[in-house]
Each structure stands twice: as structure tokens, then as C-alpha cells.
Amino acid sequence: MSFYLRKREEERFLEERELKSAVKINVVGIGGCGNNIISTLYRMGIPAKLIAMNTDASVLRRTECHVRVLLGNPFSVSRGACGSPEIGAKAMEESIDEALNAIDEDVDVVIGIAGLGGGTGTGGLPVFFRELGLRKPNVLKIAVITFPLREEGIERRENARVGFQELVEVSDAIIPNANDILVERVRVLSITEAFRIMDRRVARIVDSLVRLQTPKLGPGIVNVDFSNIQKLMFKAGLCFVGVGFERTIYQAFMNALKDDFAYSELRNARGAIVMFEGRELDLDVLQIRRVTRYISEDLGIKEVFMGIRPTYELHEVRVSLLVAGITSKYVDSFIGGEGG
Ligand code: GTP
């Protein structure tokens with residue numbers, strides 16, 4: 001074999017190995033809210049398989065994604081779960097084989113998105129994660145969920161309460177986002193506008209989770225090892241993900257801390273991952289040190305992993321912060337029934 005041919009073979013072998021070793025992430029959006037966020041992610045072009053599932057055929061048909069799964073008995077009318085989590089759960093059970101077949105065989109992480117409060121997402125996501133856990137016990141299951149607005153009424157809040165408690169049993173990590181906090185912070189003209197802002201917020205969280213777990217190569221790049229992410233998020237309970245932009249690293253980090261839609265308590269959490277991205281000149285080592293010291297000393301988080309990615313695609317510094325094993329005052333009061 002000629003020298004060049006051997007080189008090409010070697011190159012192909014390494015490329016195949018690299019592809020095989022890449023972390024495989026699937027994102028599943030269930031119900032109306034989940035489907036809308038999947039469309040947002042699709043338009044952003046995030047590098048993960050995007051799967052939409054719904055009992056409502058017309059919403060599903062309009063969803064932009066890679067794979068669609070219509071849930072429920074094929075002879076039913078496919079017009080949604082009428083706000084009933086029992087119907088949503090039953091529909092997922094009826095279609096569980098199609099739902100699980102949509103997931104890649106060699107998947108490492110499944111991110112499930114749902115707006116709690118209705119029928120399809122609230123009833124369907126816990127069943128889907130439970131069955132996924134039984135068939136693929138090593139897959140990391142992360143739920144990114146929203147809590148309904150106070151204005152949506154007691155029944156939806158009660159649905160969300162029950163659905164959340166079921167999710168806790170079957171997920172490794174849950175990232176909560178309260179619509180109530182969003183409307184307190186951002187002046188919105190309508191509920192639809194609040195939902196669109198929340199869509200973008202949840203999409204940003206998923207994008208950060210995918211970027212964290214998609215290693216890149218290049219000068220100056222420091223990746224976070226997937227085994228560390230796995231260890232940190234496995235059976236972690238509630239987690240926080242915040243993203244901040246600014247001219248300096250420390251300010252961007254402070255903005256990431258404020259990007260909180262659950263009144264999160266990060267102190268003494270299980271662990272954290274922080275990722276710094278920006279132009280090489282802006283990734284100042286002293287500021288990076290200041291941030292990691294803040295996490296370990298001020299927040300009392302012992303296990304901290306760090307990633308650095310120099311890029312000319314960003315005009316400002318982007319800091320993404322993931323904290324695993326937190327508590328949330330919003331979730332506590334919501335589950336305690338004070339949020340109704
Ligand atoms: P059914 O309609 O009963 O089949 O259930 P579903 O799971 O499809 O409900 P849906 O996702 O439409 O609504 C559940 C909750 O999600 C609502 O109570 C809202 O709080 C929220 N929600 C609904 N639509 C959207 C949306 O487009 N974006 C966002 N961010 N939240 C939404």
C-alpha cells in the first residue's frame with residue numbers, strides 16, 4: 001500500500017473512531033409546549049436529533065423537527081389529551097414502541113421537554129422516561145420543564161404538581177422554569193408573548209446542555225469530560241442552567257447567575273460545570289480564576305469542572321453555568337401547594 005493510501009486509511013479510521021466516541025444526544029419535546037420548543041431548536045440548528053411527540057396531529061404536523069411520533073391509539077381522533085394527564089399517560093403507553101424506536105440505539109443523553117399543566121406532556125414525559133430507563137438504564141435522562149402561570153387556573157397547577165412528582169421518580173436531572181417568574185421579570189403584553197419568551201429561554205438551556213457535551217478540538221480549547229457530566233447529573237434531582245453574556249467574563253458569569261427562573265439556591269450544591277466562550281483576548285485567565293473561586297468558595301460547591309472555547313463567532317463573552325443538586329424555593333412552594 002502506498003504511503004498516501006495508508007495515510008488516508010488511517011485518517012478514515014480515526015474519523016470513524018471520533019464519530020463513535022462523540023456523545024450522542026436526543027432531544028424529545030412532548031405536547032404543545034414541547035413541540036414549539038423543538039421547532040425553535042430546529043431553527044437554531046442545534047447539533048442533536050430533535051424528536052416531537054404529540055397526541056394532537058395538527059400541532060405535530062406543523063412542528064419542525066427530525067422525527068415525529070403521533071401518540072395514542074391510531075383509531076382515536078388525535079386531537080390532544082384534553083388537559084388530562086391520565087389520557088396523556090395512556091397515549092404514551094399505547095405508542096411506547098414507536099416512541100422508543102425514535103431514539104438512537106447508541107444514545108447517551110435524552111433531554112425531555114414539556115410544559116407541565118396540560119395532558120400530553122405532563123402525563124407522557126414521566127411514562128416515556130420510565131420506559132426509557134427500563135430499556136436503556138445507562139442513558140442520562142434530563143427533563144427541562146415549565147410550570148404553568150397562576151392565571152391558567154387551579155386544575156393546570158394541580159396537574160403540574162402531580163406530573164412533577166412523577167418526573168422526580170424517573171429523571172436523573174430536572175431543570176425547572178416558572179412562567180410566573182418570567183412575567184414578574186419581563187413586561188409582557190399577552191400570555192402568548194410570555195410563552196414565546198419562555199420557548200427561547202428553554203431552547204437556550206437545551207443549547208447549553210448540548211454544547212457542554214459536544215467536545216470540540218482546536219487550540220486553547222478545554223473540554224469537559226462527559227464522564228464528569230454523567231457523574232454530576234446522574235440522580236442529581238433539581239439542576240440550574242444559566243447563560244450570561246457580557247464584555248467581561250466576571251460580568252457574564254454574574255448574568256448567568258441571574259438567569260434564574262426558579263428562585264434557585266445554589267449554595268452547597270453537588271457540583272458545577274462552567275463554560276467560558278469568547279474571543280481569545282477576552283478569555284482572561286485571572287477572571288476565569290475569580291469565577292471558579294466564587295463557585296467553590298462563595299457558593300461552597302466542592303466539585304467544579306471548567307470548559308474553555310475560544311471562538312470568533314461571538315462578539316461578547318458567553319458563560320454557561322450548570323449546577324447540579326440544587327434546591328428551588330419556587331418548586332418547594334409550588335409542590336407544597338402555596339403556588340395555587
Ligand atoms: P394537551 O393540550 O392537554 O394535549 O396537553 P399538552 O401537553 O399538549 O399541553 P401544552 O403543552 O399545550 O400546555 C401545557 C402547559 O405548557 C400550559 O399550561 C402552559 O403553561 C405551557 N405552554 C403551552 N403552550 C406553550 C408554548 O407554546 N410555549 C411555552 N413556553 N409554554 C407553553
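Any value given below was found using the heavy atoms of this structure, including those in side chains, with hydrogens, waters and symmetry copies removed. Here, residue 1 is the first one in the sequence, and each next residue gets the next number. Counting starts at 1 for both ligands and their atoms, in listed order.
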Inset, instruction - Look up atom 2 (O) of ligand 1 and tell me if a protein heavy atom lies less than 4.0 Å from it? - result: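 No; the ligand atom in question lacks any protein heavy-atom contact below 4.0 Å.
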Inset, instruction - Counting heavy atoms only, name the option from Gly115, Ala81, Gly119 that's nearest to atom 16 (O) of ligand 1. - result: Gly115
Legend entry - From Asp180, Leu71, Thr120 - option closest to atom 6 (P) of ligand 1 by heavy atom: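 It is Thr120 that holds the nearest heavy atom.
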Inset, instruction - May I ask you to decide if Ala262's main-chain N or O and Ser328's side chain share a donor-acceptor pair within less than 3.5 Å? - result: yes
Legend entry - Asn101 (side chain) donor-acceptor with Asp97 (main chain) under 3.5 angstrom: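 Answer holds: yes.
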Inset, instruction - Under the side-chain contact (heavy atoms from CB on, under 4.5 Å) rule, what do Glu277 and Leu314 come out as? Steps first, then yes or no, please. - result: CA-CA 8 Å; Glu277 293 165 287; Leu314 294 170; 3.8 Å; yes
For [atom], which protein heavy atom lies nearest, and how many Å away is it?
{"atom": "atom 18 (O) of ligand 1", "value": "Glu152 OE1, 2.5 Å"}
{"atom": "atom 32 (C) of ligand 1", "value": "Cys33 CB, 3.4 Å"}
{"atom": "atom 29 (C) of ligand 1", "value": "Asp199 OD1, 3.2 Å"}
{"atom": "atom 7 (O) of ligand 1", "value": "Gly121 N, 2.7 Å"}
{"atom": "atom 23 (C) of ligand 1", "value": "Phe195 CE1, 3.8 Å"}
{"atom": "atom 9 (O) of ligand 1", "value": "Gly118 CA, 3.9 Å"}

Could you check whether [X] pairs with [Y] (Lys NZ or Arg NE/NH1/NH2 to Asp/Glu carboxylate O, under 4.0 Å)?
{"X": "Asp282", "Y": "Arg247", "result": "no"}
{"X": "Lys329", "Y": "Asp332", "result": "no"}
{"X": "Asp172", "Y": "Lys141", "result": "yes"}
{"X": "Arg201", "Y": "Asp259", "result": "yes"}

For [X], atoms of ligand 1 separated by under 4.0 Å from a heavy atom:
{"X": "Asn179", "value": "20 (O)"}
{"X": "Gly83", "value": "3 (O)"}
{"X": "Gly32", "value": "6 (P), 8 (O), 10 (P), 11 (O), 12 (O)"}
{"X": "Cys82", "value": "3 (O)"}
{"X": "Asn36", "value": "26 (C), 27 (O)"}
{"X": "Arg156", "value": "13 (O), 14 (C), 15 (C), 17 (C), 18 (O)"}
{"X": "Met198", "value": "30 (N)"}

Legend entry - Any Asn36 side-chain heavy atom under 4.5 Å of Arg196 side chain: yes
Inset, instruction - Please indicate whether any nitrogen or oxygen in Arg196 is less than 3.5 Å from any nitrogen or oxygen in ligand 1. - result: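 N/O-N/O distance below 3.5 Å exists for this pair.
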Inset, instruction - Using the side chain to side chain contact (heavy atoms under 4.5 Å, CB included) rule, pick out the option among Val274, Val241, Leu322 that qualifies with Leu212. - result: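 It is Leu322, the one option of Val274, Val241, Leu322 that forms the side chain to side chain contact (heavy atoms under 4.5 Å, CB included) with Leu212.
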Inset, instruction - Tell me yes or no: between the side chains of Ser58 and Asp56, is some donor less than 3.5 Å from an acceptor? - result: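 Yes - a donor-acceptor pair under 3.5 Å links their side chains.
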Legend entry - Distance-only donor-acceptor check, side chains Glu86 and Ser84, under 3.5 Å: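 Per modelled atom types, Glu86 and Ser84 side chains form a pair under 3.5 Å.
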Inset, instruction - Could you tell me whether Val202 approaches ligand 1 through its side chain, its backbone, both or neither, with non-hydrogen atoms closer than 4.0 Å? - result: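 The answer is neither; Val202 stays 4.0 Å or more away.
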